[in-house]
Visitor: 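I have a structure I would like to understand better, so I am pasting it below and will then ask my questions one at a time.
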Protein chains: 2
Amino acid sequence: MPNKNLMLSRKQQILNTAARLFRKRGYSATSMRDIAREMQMEAASLYNHINSKQAILSELLLHIAQAFTDGMFEIKNSSVSNIEKLEQLVALHVQMTVDYTDAISLIPNEWVHLEGDAIKHFLNLRDQYEKDFNTLLEAAVKDKKLGDIDIDLASFSILSSLRWLYSWYSKNRHTDVEKLKKEMIRNLIYGLK
Amino acid sequence: MPNKNLMLSRKQQILNTAARLFRKRGYSATSMRDIAREMQMEAASLYNHINSKQAILSELLLHIAQAFTDGMFEIKNSSVSNIEKLEQLVALHVQMTVDYTDAISLIPNEWVHLEGDAIKHFLNLRDQYEKDFNTLLEAAVKDKKLGDIDIDLASFSILSSLRWLYSWYSKNRHTDVEKLKKEMIRNLIYGLK
DNA sequence: GTCTATAAGTCGATAGAC
DNA sequence: GTCTATCGACTTATAGAC
């Protein structure tokens, strides 16, 4: 298979390369020269495609956060049961992990390096997502589909596992995605029954 | 209550301060000048107590990793059932989280900034711990105490939740520790039944 | 769109006075 | 054990040639 980067815009190539390096060493320990070296160009040339190192990070993080918000919106407003909505949310996380493995790895920690409006926007999206998740979990408990759990702690446990899935998936890329979704739904939701 | 740091050696004060800042901004984004400012001294003075910034990180991470290895050794060699050993391991993680909240937050990501022998040592301890954890999980399945789960993925899910517990605990410090242990055992182990 | 050169600042760490 | 002063390397980002 030819290098997938050949089909992408120069800017998208830079974003993908940066995501991979930020994942490996963190935002602060990755220099513009590091990104340029991987792109086989000089650091100064990067600035013809992106405005700043900070802009790279915020594009990566806000794109992922917005995709989760959009997914939540669709699932929340669909006409299936609450427990099925929870299943679909777990499946959404698995699919995002498969599609954006490097960028999604930045969500748990690297947002602290965002600045100004970007960090505010990111935290707004994240906090609203977590509230919506808790609300659905609570609704499923009221539907008697889940046991009498501590909502906040259970929500936290589920989202923690999903946040770290990129790490497991990176070592198990051969895994069938649909099977992985079913297994995670079982582990994280029906495990709580 | 007087400042707890008053009872500690100057070196331990520096380690605690560094752990707090490394947690907040990451190892790379935290400068020796940042640590010194929090200690109300000059950066150069830190070097009378510690050899380097790198030495701070390796002391913090290897102390935690060794404590987990020691805990695993005791639990593994005790004479209770496999499922009870798993319960005790979850309780160990909860206790470590309560006792070393800042330093434990560095375990998931900041080890990548270790160098030389320190990173080798850390990864050896971590990998052996995870192998032991998987072995116990498998034994509990054979004992018919757990369902027919994907060992590797279930192990991963449990450890992911435990790795992120420091974040939950920081916002819920009032929580009774013994109650938290029981709730996590229920969520992470008996949820899988 | 890529390059060289460089500005302006921060980094970890050391030397040596007190 | 703490300070001031400083070294040499590295940082993000820009100016301007091609």
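Each chain gets a letter, A, B and so on, in the order its sequence line appears, and its residues count up from 1.
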Visitor: B:Lys181: what forms a salt bridge (Lys or Arg N to Asp or Glu O under 4.0 Å) with it, not counting sequence neighbours?
Guide: B:Glu178

Visitor: For A:Ser9 and A:Gln12, does a side-chain donor sit closer than 3.5 Å to a side-chain acceptor?
Guide: no

Visitor: Between D:dC3, C:dG12, D:dG1, spot the one nearest the side chain of B:Ser31, thanks.
Guide: C:dG12

Visitor: From CD1 of A:Ile35 over to P of D:dA13, roughly how many Å is that when rounded to an integer?
Guide: 10 Å

Visitor: When the distance from CD of B:Gln40 to C1' of D:dC3 is rounded to whole Å, what number comes out?
Guide: 16 Å

Visitor: Please report, rounded to the nearest Å, how far the P atom of C:dC18 is from the CD atom of B:Glu42.
Guide: 18 Å

Visitor: Take the protein atom CZ of B:Arg37 and the nucleotide atom C1' of C:dG12, then report the distance between them rounded to whole Å.
Guide: 15 Å

Visitor: Which part of the nucleic acid, if any, lies within reach of A:Thr30 when heavy atoms closer than 4.0 Å are counted: base, sugar-phosphate only, or nothing?
Guide: sugar-phosphate

Visitor: Look for any protein N or O under 3.5 Å of an N or O in nucleotides 13-16 of chain C and output each such pair with its distance, or none.
Guide:
{"residue": "C:dA13", "atom": "OP2", "partner": "B:Tyr47", "partner atom": "OH", "Å": "2.9"}
{"residue": "C:dA13", "atom": "OP2", "partner": "B:Lys53", "partner atom": "N", "Å": "2.9"}

Visitor: Scan the side chains in residues 63-70 of chain A for donor-acceptor partners under 3.5 Å anywhere in the protein, sequence neighbours excluded, and list what turns up.
Guide:
{"residue": "A:Gln66", "atom": "NE2", "partner": "A:Asp70", "partner atom": "OD1", "Å": "3.0"}
{"residue": "A:Thr69", "atom": "OG1", "partner": "A:Ala65", "partner atom": "O", "Å": "3.1"}

Visitor: In whole Å, I'd like the distance from the NE2 atom of A:His49 to the C1' atom of C:dC3.
Guide: 12 Å

Visitor: Send over the distance from A:Ile56 CD1 to D:dA13 C1', rounded to a whole Å.
Guide: 12 Å

Visitor: Contact class for B:Ser45 (heavy atom, under 4.0 Å): base, sugar-phosphate, or nothing?
Guide: base

Visitor: Regarding A:Gln128 and A:Asn124, do their side chains bring together a donor and an acceptor under 3.5 Å, going by distance alone?
Guide: no

Visitor: In chain order, what residues pass the salt bridge (Lys or Arg N to Asp or Glu O under 4.0 Å) check against B:Lys131, with sequence neighbours excluded?
Guide: none

Visitor: Rounding to a whole Å, what distance do you find between B:His113:NE2 and C:dC11:P?
Guide: 15 Å

Visitor: List the atom pairs, with distances to 0.1 Å, where a side-chain N or O of residues 106-113 of chain B and a protein N or O form a donor-acceptor pair under 3.5 Å, not counting sequence neighbours.
Guide:
{"residue": "B:Glu110", "atom": "OE1", "partner": "B:Tyr27", "partner atom": "N", "Å": "2.9"}
{"residue": "B:Trp111", "atom": "NE1", "partner": "B:Pro108", "partner atom": "O", "Å": "3.2"}

Visitor: What pairs with B:Glu130 under salt bridge (Lys or Arg N to Asp or Glu O under 4.0 Å), at least two apart in sequence or on another chain?
Guide: B:Arg163

Visitor: For the pair made of CE in B:Met39 and P in D:dC3, what is the distance, rounded to whole Å?
Guide: 11 Å

